[in-house]
Amino acid sequence: MDNICTIPLFSTLEPAIGEQYGKRCLWKDYEAHELIIDIDEETTDVRFVISGLVRVISRFSVGKEVILGEMSPGEFFGELSAFDGATRSANVTALYRTRICVMPQSVFLELVRTSDEINLAVIRVLTQRIRQLNMRLAEQSFLQAKHRLYAELIRLSKPRPANPEQRSISPPPTQKELAERIGTRREVVSRELNALQKEGVFEKGRGALVLCDVAELQKRISNAWNE
């Protein structure tokens, strides 16, 4: 039986309570690249990633799109529409086979109203997202595309166990994906990656992008903020 206690946001609930709420939710499986939510969709449920990975994309009428990020197991989306009833502001697609808990708006709001712990946890998640969006807005406003690329590469990367001074991104994103993350053209990303590779700051490894000199990238970003 599906139980919402397996979702980190609701881990403090008693198992029996979690099971009761789980019966009021819909548990759905999506195949890789299947659309989960479309922009402007008029639904107000909140969706929790149980397994797999989803990508959140904002699309604009001029044909542009920006990758806002990915969400992994334990994370959730759709809470804004649950709170204000407005249409969806982004498109969400499964990157791999993904299982989703679809929680009706009424259930989500009931849990938020009746549990101070859940209420505070939701506020903390929203606060973190606002901080992240503020940082991206500042980068978009004040940094050149190459510096935004450096910052995004660092955000996407994880430490390499074999070499703590290096970081890697696996699986490696395409140049198009990187461009959509930072609001620029693919050609700009290609040119900057080639330049970094020639300088020995970046290299293409087997199944990963490797940041060979993270300190240098951080130094360049810091200098750009001070210009």
Side-chain angles (χ1 to χ4, degrees), residues 4 6-13 25 30 35-60 64-96 98-113 115-143 147-158 167 169 173 177-184 221 225:
I4 67 168
T6 60
I7 300 170
L9 183 64
F10 308 118
S11 61
T12 57
L13 293 175
C25 300
Y30 293 86
L35 182 68
I36 299 175
I37 285 181
D38 202 358
I39 195 166
D40 292 331
E41 185 176 307
E42 295 184 356
T43 55
T44 56
D45 50 64
V46 182
R47 309 196 184 197
F48 297 83
V49 182
I50 304 302
S51 63
L53 188 70
V54 305
R55 172 166 289 164
V56 184
I57 299 176
S58 183
R59 287 196 170 93
F60 302 94
K64 300 286 186 179
E65 61 181 41
V66 176
I67 297 176
L68 300 180
E70 286 78 36
M71 291 190 175
S72 53
E75 297 186 273
F76 59 92
F77 54 94
E79 72 288 342
L80 296 183
S81 292
F83 284 130
D84 65 12
T87 56
R88 303 296 187 177
S89 58
N91 169 299
V92 183
T93 303
L95 291 182
Y96 312 119
T98 298
R99 184 165 177 77
I100 296 289
C101 170
V102 183
M103 179 174 288
Q105 177 190 39
S106 58
V107 176
F108 178 73
L109 294 181
E110 181 180 323
L111 285 162
V112 170
R113 291 191 185 106
S115 170
D116 290 339
E117 290 183 341
I118 293 173
N119 190 315
L120 183 57
V122 171
I123 291 173
R124 284 174 173 161
V125 170
L126 293 178
T127 301
Q128 182 182 33
R129 291 180 183 176
I130 290 171
R131 291 184 188 279
Q132 291 172 345
L133 286 173
N134 284 344
M135 176 55 70
R136 287 178 176 271
L137 177 60
E139 290 177 357
Q140 195 71 31
S141 300
F142 302 115
L143 297 183
H147 297 114
R148 299 201 303 272
L149 175 61
Y150 303 160
E152 190 67 18
L153 289 173
I154 293 174
R155 271 194 292 266
L156 292 173
S157 66
K158 295 181 180 180
R167 298 177 68 90
I169 307 172
E177 289 172 348
L178 288 172
E180 289 171 351
R181 286 178 179 275
I182 63 173
T184 190
I221 296 169
W225 280 117

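Since this is a predicted model, take the numbers as computed values, not measurements.
- Look at Glu110 and Arg113 and you find no salt bridge, because none of the NZ, NE, NH1 or NH2 atoms lies under 4.0 Å from a carboxylate O.
- Pairs of residues two or more places apart, or lying in two chains, that qualify as side chain to side chain donor-acceptor pair (under 3.5 Å) and include a residue from residues 120-131 are Glu79-Arg129.
- Side-chain atoms of Glu180 never come within 3.5 Å of backbone atoms of Glu177 as a donor-acceptor pair (strictly under, hydrogens ignored).
- Salt bridge Arg155/Glu139: present, at least one basic N to carboxylate O contact under 4.0 Å.
- In plain terms, the two heavy atoms of Met71 and Phe76 that are nearest each other are SD-O, 3.3 Å.
- The number of heavy-atom neighbours closer than 6.0 Å to CD of Gln140, taken from other residues, nucleotides and ligands shown, is above 12.
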Check the pair Leu126, Val122 against side chain to side chain contact (heavy atoms under 4.5 Å, CB included), reporting the backbone distance first and the verdict last. CA-CA 6 Å; Leu126 293 178; Val122 171; 4.1 Å; yes
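- Not counting sequence neighbours, Phe77 has no partner by the ring pair (Phe, Tyr, Trp, His ring centres under 6.0 Å) test.
- The side-chain contact (heavy atoms from CB on, under 4.5 Å) check on Ala86 picks up Asp84, with sequence neighbours excluded.
- The ring pair (Phe, Tyr, Trp, His ring centres under 6.0 Å) check on Tyr150 picks up His147, with sequence neighbours excluded.
- For Phe83, the ring pair (Phe, Tyr, Trp, His ring centres under 6.0 Å) partners two or more places apart in sequence, or in a different chain, are Phe108.
- Using a 3.5 Å distance cut-off with no hydrogens or angles, the side chains of Glu117 and Ser115 do not pair a donor with an acceptor.
- Remark: Tyr30 engages no residue in a ring pair (Phe, Tyr, Trp, His ring centres under 6.0 Å) (not counting sequence neighbours).
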